[in-house]
Protein chains: 2
Amino acid sequence: MAGKRDSESGPPRPTSFDIARRAGVSQPTVSRALRGDPTISPITRRRVEFIARELGYKVDKNASNLRGQHSQTIAILFFEDQRFNASLINPFFLSMLGSIAGACAKRGYDLIISCQHLSNNWRVDYEDSRRADGIILLGYDDFLTYSAELERLVDEGTHFVHYGAALERHPGLSVGCDDYAGGYQATKHLISLGRRSIAFLGSASDHYPEFFARYRGYCDALRDASLPLQPELQADSVSALPDGEKATRAILASGKNFDAIFAASDLIAIAALGVLRDHGLNVPKDVSVVGFDDIPHASMVTPPLTTIRQDTQLAGEVLVETLLKLMRGEAAEATVLPCQLVIRGSCGGASA
Amino acid sequence: MAGKRDSESGPPRPTSFDIARRAGVSQPTVSRALRGDPTISPITRRRVEFIARELGYKVDKNASNLRGQHSQTIAILFFEDQRFNASLINPFFLSMLGSIAGACAKRGYDLIISCQHLSNNWRVDYEDSRRADGIILLGYDDFLTYSAELERLVDEGTHFVHYGAALERHPGLSVGCDDYAGGYQATKHLISLGRRSIAFLGSASDHYPEFFARYRGYCDALRDASLPLQPELQADSVSALPDGEKATRAILASGKNFDAIFAASDLIAIAALGVLRDHGLNVPKDVSVVGFDDIPHASMVTPPLTTIRQDTQLAGEVLVETLLKLMRGEAAEATVLPCQLVIRGSCGGASA
DNA sequence: ACTTTTCCTGAAAGCGCTCTGACAACAAAG
DNA sequence: CTTTGTTGTCAGAGCGCTTTCAGGAAAAGT
């Protein structure tokens, strides 16, 4: 008996040579027949296909990829501010994962994922090691932290697309939703509900491009309604629960009265909901709250959160389609996707 | 000017030959040096490493994998009952994704993901085509639907691990939490709070092995407290919001009084929370609610959900470690992980 | 001095596939 | 009966790496 067992080996995987022998053709013919090459006669193709199915033959991706100098794989990289929320990925990006996976599958690409984080020596070398033909970058983080990495990717000629606001100075290509319009819309809705002192929770600095654009939308909506912009009613927060709670407590502590909150993300809005309740404030009677993203949680909290929905289904499609263009060397452009106000209970307007 | 641009090619990727030439050694030496082969002298290794870094050399995974007849990749497959929740993956499994990704990265494995669904001709052929060396299966679904597929995987000698209850008749290896103990614990806690009519939401049939085990725990806790098992207070539900709502309405409609609900998953529990509120019932005053999983949502709903926490961090580690053992041909066993009662507001006990 | 051992490196093979160029086989045209 | 296409298949090369085996140089033993 052999000392080391070879994991129930069974019959060795059939190769294209095995199929060729059985079909009485050469090995390259098998390869061509199976790939639908038109120079192979239908009769031959039929026979090869039949035998291949019979033997359970599957093309070896490693060999095929090595020969073809590609990987037929796209990598998705989650990066996020790691000061909070240890191993948790923002649910918003998670919900995009499904649609990206679908979009890849539809096009015959595999999807490999990584949750590496910028903090500790982030090295995007999937493409370097030919593990992926292109990369999708997902996350909210301080722009300064990752723009250098992006720059490097551009320099190295790596194919990648980033989801988020498309700044002019942003290295590489971005696909994102219309954050500005979303911010404007959310604020305008609050105003139309009679709210006059609207707080903004989320970074107002351009280190967080998405949040910044939403903030500008908020400012402009205020201005267009001739409402004053009150700096005391803005508090920084990244998209994480503990941070959102801190920000809410900050505006509460400011002593300034407010009757509405526009939060730059649902996670922040949900955090605000809890703090508000703890302070004996009723939502939406005392304070209207609107979030951003429409993560799955949004409809489950009490009251259900009014928010700006980003179409993750569409975003996923556009993201991989754009990346594919880039990979083929075709011209590709940054895309701004529309977003949509979803009215639920937290703003006091008509509930859907 | 060339008609077709070749995507800003730049200098071609360096190969181990390029490094070899520059270092004045042979190509195999480069390969060995870079992999830390002890037969290479430190001086040579140092030189090779330096030049490799200088040229930005990265091992071509395709070539390496082809030669080594493996892929250094693990595939993760989400499958779930698709009657509800279209493109959404159960948040519980999503939260496991992060830990699995981490566990794979730590061991030098890539992770490829697929959200295919059993419904339409599910074929797991990652291993067949050598894209993955092993597979992790994640999801709640009718056991009957997928056990045949599992059977086939076993027959083909595919290496895989499934997360869920480990039934004796379950094909392949499972890692799961102690669903029975969790169900028992949850129910016992409810009883200790003085609740006497405890409903169970979730399938009581063995088509859903995890739910079934939780149900048995529930039954035994009832029995040990000499409480009657009331069939009217059990309603079927798979882990999805609409289904949970339907189940809650069903027990409400039964006319039977109840003062507590043990839901087989947090998603069901959250659905119950909403329906209960709509019926003017107060949680936890009128009805205590306990869920299962401790998904991120659980702590965000109102009131925060008391639940049984599954340790996703640990589960991820054990899952890949078990799979790795299988892949190496070592003996591996099904594992049952402990789970833990997390007391929050929804049960009326001491809040954490 | 020569043989033996030890240490380090190189030549060559080959993983399974795809692609280029050549070549039979046959039909149509000169 | 040769020439020119056309069609369907094949031989061969090679993608970049790892591995086995053999061999040269230095260190040690006789």
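A, B, ... follow the sequence lines: proteins, then strands. Residue 1 opens every chain.
B:Asn65 has its CG atom 15 Å from the P atom of D:dG16, to the nearest Å. Summarising the geometry, the separation between NZ on B:Lys61 and P on D:dT18 is reported as 11 Å, rounded to the nearest angstrom. What separates CZ of B:Arg45 from C1' of C:dC8 is a distance of 12 Å, to the nearest Å. The distance from atom CZ of B:Arg47 to atom P of C:dT9 is 8 Å, rounded to the nearest whole Å. Rounded to an integer number of Å, the gap from CD of B:Gln69 to P of C:dG14 is 14 Å. Between the C1' atom of C:dT18 and the CD1 atom of A:Ile40 lies a distance of 12 Å, rounded to the nearest Å. In this structure, B:Phe17 atom CZ and D:dC15 atom P are separated by 9 Å, rounded to whole Å. Distance A:Leu66 CG to D:dC17 P: 9 Å, rounded to the nearest Å.
Residue A:Phe160 comes nearest to A:Leu137 through the heavy atom pair CD1-CD2, 3.7 Å, listed as atom of the first residue, atom of the second, then distance. The shortest heavy-atom contact between B:His162 and B:Gly139 is NE2-O, 4.3 Å. B:Ile100 and B:Gly316 get closest at one heavy-atom pair: CG1-CA, 3.8 Å. Of all the heavy atoms in A:Asn65 and A:His70, the pair that sits closest is CB-O, 2.9 Å.
Of the candidate nucleotides C:dG14, C:dG10, D:dC10, D:dC10 has the atom nearest to the side chain of A:Val25. Candidate nucleotides D:dT19, C:dG10, D:dC17 were compared by shortest atom distance to the side chain of B:Asp60, and D:dC17 ranks first. For A:Arg32, whose side chain is taken as the heavy atoms from C-beta onward, the closest listed nucleotide among C:dT20, D:dT19, C:dT9 is C:dT20. Proximity note for B:Ser26 (side chain, C-beta onward) versus C:dT18, D:dG16, C:dG10: the nearest is C:dG10. With distances taken from any side-chain atom of A:Arg35 to the nucleotides D:dC10, C:dC19, D:dC17, the minimum falls on C:dC19. The side chain of A:Val59 has C:dC17 as its nearest neighbour among D:dC17, C:dC17, D:dA11.
The phosphate of C:dC8 has neither OP1 nor OP2 within less than 4.0 Å of any side-chain N or O from B:Thr29. Residue B:Ser16 places at least one side-chain N or O under 4.0 Å from the OP1 or OP2 atom of D:dC17.
A:Ser99 and A:Gln313 share no side-chain donor-acceptor pair at under 3.5 Å. In this model, a donor atom of one side chain and an acceptor atom of the other lie less than 3.5 Å apart for B:Arg131 and B:Ser129.
Mapped onto DNA chain C by nearest heavy atom, B:Pro28 and B:Pro42 fall at different nucleotides, with B:Pro42 at the one closer to the 5' end. Between A:Arg67 and A:Gly24, the one whose closest nucleotide on DNA chain D sits nearer the 5' end is A:Gly24. Map A:Ala63 and B:Ser41 each onto its nearest nucleotide of DNA chain C; the residue landing nearer the 5' end is B:Ser41.
When heavy atoms are screened at a 4.0 angstrom cut-off, B:Ser31 is found touching base atoms of the nucleic acid. Using a 4.0 Å heavy-atom distance criterion, A:Thr39 is classed as a base contact.
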